[in-house]
Amino acid sequence: MSIADIKPAVYDKQAVELKLQNLFGNRFHKAEEHVAERVKYSRDLMPFNFILEQKGEVRFPPDYIVWPKTEQEIVNLIAICREHKVPLVPYAGGSGVCGGAVPVAGGVVCDLKQMDKILEINDTDLTCTVEPGINGQLFEEELNRRGYTLGHFPSSIYVSTVGGWVATRAAGVLSTYYGKIEDMVLSLRVALGNGNVAETVLTPASATGPDFNRIFAGSEGTLGILTKITFRIHPLPQERGFFAVKAKNVKEGIEFMRMVMRRGLRPAAVRLYDELDTLIIGSPEEKSGMDEDAGFVRETLKKLKSGEGLKATLRWAAVTNRAIDIGLSLANVGCLLLFTFEGHPALVNTQMEMIHRLATEMRLDIKGEKPARYWWDHRYDVSYSSPAVFKEGAFLDTCEVSTTWSKLHELYVRVKDAVKNDVFIMAHFSHSYLCGNNIYFSIAGYADSPEESEKKYLDVWDKMMKVCLQMGASISHHHSVGMLKQKYLVEQMGHLYPIWQKIKEACDPDGIMNPGKLGL
Ligand SMILES: Cc1cc2nc3c(=O)[nH]c(=O)nc-3n(C[C@H](O)[C@H](O)[C@H](O)COP(=O)(O)OP(=O)(O)OC[C@H]3O[C@@H](n4cnc5c(N)ncnc54)[C@H](O)[C@@H]3O)c2cc1C
């Protein structure tokens, strides 16, 4: 289903209002009476929303916002929404970048941030049970105070919640060692759209048919609302090691990452930057040592950042990309690779020795620990204010896709080729596995009017997604599907899609839970 086909839900507002008021008291707001909330809850951080903002358009306003404090309130809320056929959208940090929490058919937005308690930490089992709305950074800090870590560090940790992480199958920057969030979930409890509350058994592993933790992880609020989650946790690492090398090009960098994984090393973070991203990420020392031929490229980047010449630079994306490619190859910039290791000092030291040996064997340029330490110290340097480029009529976005090693370089080249005439594009590779990796593309585009921007934005996404589908690559590694990628999800699922629809029908027979997402 396309978002354009979804119409605002029609239901008995008077009756619903009365019931919500009785249930939530002053934790119930009518959106039309709270202008700022009407705008805030009509969107998440999907860049498409910034284009709508340029148009001054609030396309998907909710009708009501509620802030539950208990699971019972959620169960009662679901009963009201079922009775009156009202869309119900779970909303947590609102940091999603694919529109997952956007109330595309109006209805009730259920903000979960007041369900934020740590319920239990079990030191013997190394487990921790929490409510879904706890802020990620506050959760990690509390674990750290008690000597533990979850091991999940998304760049958005300050503005996202554990429930949002699980509902989107997020990945933190140390996922190569600790796993993605779904690997950390041992048990969860969910208030289903059909009125029941279901809970999975807390066990280290099982062979009891399909794994329901994995069905609800990544369900993006379409089946029910997660009310309690138990994670595995780890003792805080005693040691952290940093290592950086430079490869001649992306291909050589990919080969080094593959060999690191194949040799049995388990870095916490693995990051390979393509030539352009290398210019941007390198530590100040690293950058100052670069060949001056990179000057043109650096000037272009400065212009992009300051907004000066931005329109021309982005409008003529094909020329910009070509000129940058030439500048980068003349400058011999190379591709930076960063690694961190953590855990017991003996394990960290052994792995540091092993990676050093491998880099020497493969004749990579060893850069020591500085660039990796610099990245680690700046890993959360993200601005959440509306970037200046949006005011200039441009858009920025990121697209994270994954595939096996044998197809990784081709995927990188083909996605870039598909959009190089439309947008400015660069990439880094992070989140490594024994069999493959994720690619994280950053794009910047511009069109003369917000209407054309919207068209161009969707067209560029269409091109990138089609390459993934053609190559059998995943259309998302960790940002999820939301409203952005759902039509491609249906194609990617193929004959599994009708099964997915049946699961939806069983959990949410009235179709109230977060309509217009995940192809439903
Ligand atoms: C600057 C920036 C950096 C980012 N970095 C990363 C990163 O490193 N790794 C990564 O994986 N992502 C990253 N993201 C994306 C985003 O932070 C993640 O998708 C995050 O997991 C969303 O959590 P949230 O609490 O903000 O959820 P929201 O955006 O509020 O919701 C996301 C989805 O989950 C559903 N949902 C939320 N809570 C529940 C619940 N309790 N029960 C059922 N459904 C629920 C919502 O309906 C929605 O569909 C980044 C985003 C930004 C803006």
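Counting convention: from 1, in listed order, for ligands and their atoms alike. Here the structure is a predicted model, which is why all the values come from computation and not from measurement.
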> Is the shortest heavy-atom distance from the side chain of Ile80 to the side chain of Val86 under 4.5 Å?
Replying inline: no
Atoms of ligand 1 close to [X] [distance to a heavy atom under 4.0 angstrom, numbered from 1]:
X: Val97; value: 51 (C), 53 (C)
X: Leu45; value: 53 (C)
X: His478; value: 9 (N), 10 (C), 11 (O)
X: Leu112; value: 38 (N), 39 (C), 40 (C), 41 (N)
X: Ala167; value: 34 (O), 35 (C), 36 (N), 44 (N), 45 (C)

With nothing but distance in play, are any N or O atoms of [X] less than 3.5 Å from an N or O of ligand 1?
X: Ala92; result: yes
X: Ser156; result: yes
X: Ala171; result: yes
X: Gly93; result: yes
X: Pro132; result: no

Flag the pair [X] and [Y] as a salt bridge only when some basic side-chain nitrogen lies within less than 4.0 angstrom of an acidic carboxylate oxygen.
X: Arg169; Y: Glu220; answer: no
X: Glu71; Y: Arg189; answer: yes
X: Asp510; Y: Lys85; answer: yes
X: Lys30; Y: Glu17; answer: yes

> Quick one: does NZ or CZ of Arg373 land under 6.0 Å from the six-membered ring centre of Trp376, within 45 degrees of the ring axis?
Replying inline: no
>> Do Arg43 and Phe50 form a cation-pi contact, if we require the NZ or CZ to be under 6.0 Å from the six-membered ring centre and within 45 degrees of the ring's axis?
In response: yes
Please work out, at 4.0 Å between heavy atoms, whether the side chain, the backbone, both, or neither of [X] comes within that distance of ligand 1.
X: Leu226; answer: both
X: Asn514; answer: side chain
X: Ser155; answer: both
X: Thr161; answer: both

>> Between Asn514 and Thr222, does the side chain to side chain donor-acceptor pair (under 3.5 Å) criterion hold? Intermediate values first, please.
In response: CA-CA 5 Å; Asn514 206 3; Thr222 59; over 6 Å; no
>> Measuring from atom 49 (O) of ligand 1, which candidate in Ser95, Gly94, Gly100 has the nearest non-hydrogen atom?
In response: Gly100
> Given Gly164, Ala191, Gly482, which one has a non-hydrogen atom that is nearest to atom 27 (O) of ligand 1?
Replying inline: Gly164
> Is ligand 1 less than 4.0 angstrom away from at least one heavy atom of Asp44?
Replying inline: no
>> Could you check whether any heavy atom of Gly224 sits closer than 4.0 Å to an atom of ligand 1, since that is the contact criterion I want to use?
In response: yes
Counting neighbours of [atom1] on [X] that are heavy atoms of other residues, nucleotides or ligands and sit closer than 6.0 Å, is the number greater than 12?
X: Glu491; atom1: CD; answer: no
X: Asp377; atom1: CG; answer: yes
X: Tyr11; atom1: OH; answer: yes

